[in-house]
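Each ligand, and each atom within it, is numbered from 1 in the order the structure gives. Given the structure is predicted, the values throughout are model-derived calculations rather than measurements.
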Amino acid sequence: INLTAPVPKVGVAVFLLKGKKLLLGRRLSAIGNRTFALPGGHLEFGESFEECAAREVKEETGLDIGNIEYLTVTNNVLLKEVKPIHIVCIFMRAMVADPQQQPLNVEPEKCDGWDWYDWDDLPKPLFGPLENMVQSGFNPFPAS
Ligand code: 8DG
Ligand code: MG
Ligand code: MG
């Protein structure tokens, strides 16, 4: 068997919401370099989606989150990236535990920095999988 054959992976990305805004950071990565994306990462062995969401947000931004809920899943085949990947991405929604707590750029080698953006005025370019969701009319905010 070929132990280096590519396989699909599981990702978890988090729509971290604060009022009408959400948290985005510009990626510094072989995948989606310089595009704006949600905090998130790969599901680790034995983890729930909620645990993965809380861990990745903490690792990448220092923020503690609550009200973690499953939203949707997408199948992302990104063969044109510098490093081609196939990732099944689970999208979660969450709120900051403390609205006063500010995001920190904990992994500056992976991200340009985090900021809150208005849903009606998103930065460009968005990371491909996120851009596709926006184009399809997906809205991560709870119905009011
Ligand atoms: P790790 O080593 O910390 O586990 O992983 P990471 O370096 O933080 O992984 P990542 O690339 O940030 O996220 C994993 C994959 O999730 C990513 O390669 C593709 C998929 N993904 C999407 N949309 C988004 C998104 O908006 N943000 C993030 N972070 N990942 C996303 O399909
Ligand atoms: Mg990560
Ligand atoms: Mg990440």
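Closest approach of Pro39 and Thr61 over heavy atoms only: CB-CG2, 4.4 Å. The minimum heavy-atom distance between Asn67 and Met95, with the atom names listed, is CB-CG, 3.8 Å. Here the closest heavy-atom approach between residue Val14 and residue Ala94 is recorded as CG1-CB, 4.0 Å. Heavy atoms only, all atoms of each residue included: Leu28 and Asn33 are closest at CA-OD1, 3.4 Å.
Judged purely by atom type and a 3.5 angstrom limit, Arg93 has no side-chain atom pairing as donor or acceptor with the backbone of Leu71. No donor-acceptor pair under 3.5 Å is formed between the side chain of Glu81 and the backbone N or O of Leu78. In terms of modelled atom types and a separation under 3.5 Å, the side chain of Gln101 and the main chain of Gly62 share a donor-acceptor contact. A donor-acceptor distance shorter than 3.5 angstrom exists from the side chain of Ser29 to the backbone of Ile31, with no hydrogens or angles considered. Listed for the Lys18 side chain is a donor-acceptor partner under 3.5 Å among the backbone atoms of Pro99.
Under the side-chain hydrogen bond (donor to acceptor under 3.5 Å, both in side chains) criterion, Glu50 pairs with no residue, sequence neighbours left out.
Comparing heavy-atom distances from atom 5 (O) of ligand 1 across Met133, Lys9, His42 singles out His42 as nearest. Of the listed options Pro39, Cys89, Gly41, Cys89 places a heavy atom closest to atom 22 (C) of ligand 1.
Taking any N or O of Thr74, backbone or side chain, none lies under 3.5 Å from an N or O belonging to ligand 1. For Ile85, no nitrogen or oxygen atom sits less than 3.5 Å from a nitrogen or oxygen atom of ligand 1, counting backbone and side chain alike. Between Arg55 and ligand 1, no pair of N/O atoms sits closer than 3.5 Å.
Of all protein heavy atoms, the one lying nearest to atom 2 (O) of ligand 1 is Lys110 NZ, 3.6 Å. For atom 8 (O) of ligand 1, the nearest protein heavy atom (residue, atom name, distance) is Glu60 OE2, 2.8 Å. Of all protein heavy atoms, the one closest to atom 31 (C) of ligand 1 is Phe127 CE2, 3.7 Å. At the top of the distance list for atom 1 (P) of ligand 1, counting protein heavy atoms only, stands Glu56 OE2, 3.6 Å. Here the protein heavy atom with the shortest distance to atom 32 (O) of ligand 1 is Asn76 ND2, 2.9 Å. Of all protein heavy atoms, the one lying nearest to atom 27 (N) of ligand 1 is Leu38 O, 2.8 Å.
One finds no salt bridge joining Arg55 and Glu51 here, because no Lys/Arg side-chain nitrogen approaches an Asp/Glu carboxylate oxygen to under 4.0 Å.
At a heavy-atom distance under 4.0 Å, only side-chain atoms of Ile87, from C-beta outward, approach ligand 1. Contact annotation for Phe91 and ligand 1: only side-chain heavy atoms (C-beta onward) come within less than 4.0 Å of the ligand. At a heavy-atom cutoff of 4.0 Å, ligand 1 is contacted by the side chain of Arg27 but not by its backbone. No part of Glu44 comes within 4.0 Å of ligand 1, judged by heavy-atom distances.
Counting only protein atoms, the N, O or S atoms lying less than 2.8 Å from the Mg ion (ligand 2) are Glu56 OE1, Glu60 OE2, ordered by chain and residue number.
Residue Val82 shares its hydrophobic cluster (ILVMFWY side chains chained together at separations under 4.5 Å) with no other residue.
Interface atoms of ligand 1 facing Pro129, defined by a heavy-atom separation under 4.0 Å, are 22 (C), 23 (N), 32 (O). If you number the atoms of ligand 1 from 1 as listed, the ones under 4.0 Å from a heavy atom of Ala13 come out as 24 (C), 25 (C), 27 (N).
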Hey, can you pull the donor-acceptor pairs under 3.5 Å for the side chains in residues 111-129, sequence neighbours left out?
{"unit_1": "Trp114", "atom_1": "NE1", "unit_2": "Glu60", "atom_2": "O", "d": "3.0"}

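Note that the CG atom of Leu130 and the CD atom of Gln135 stand 10.5 Å from one another [nearest 0.5 Å].
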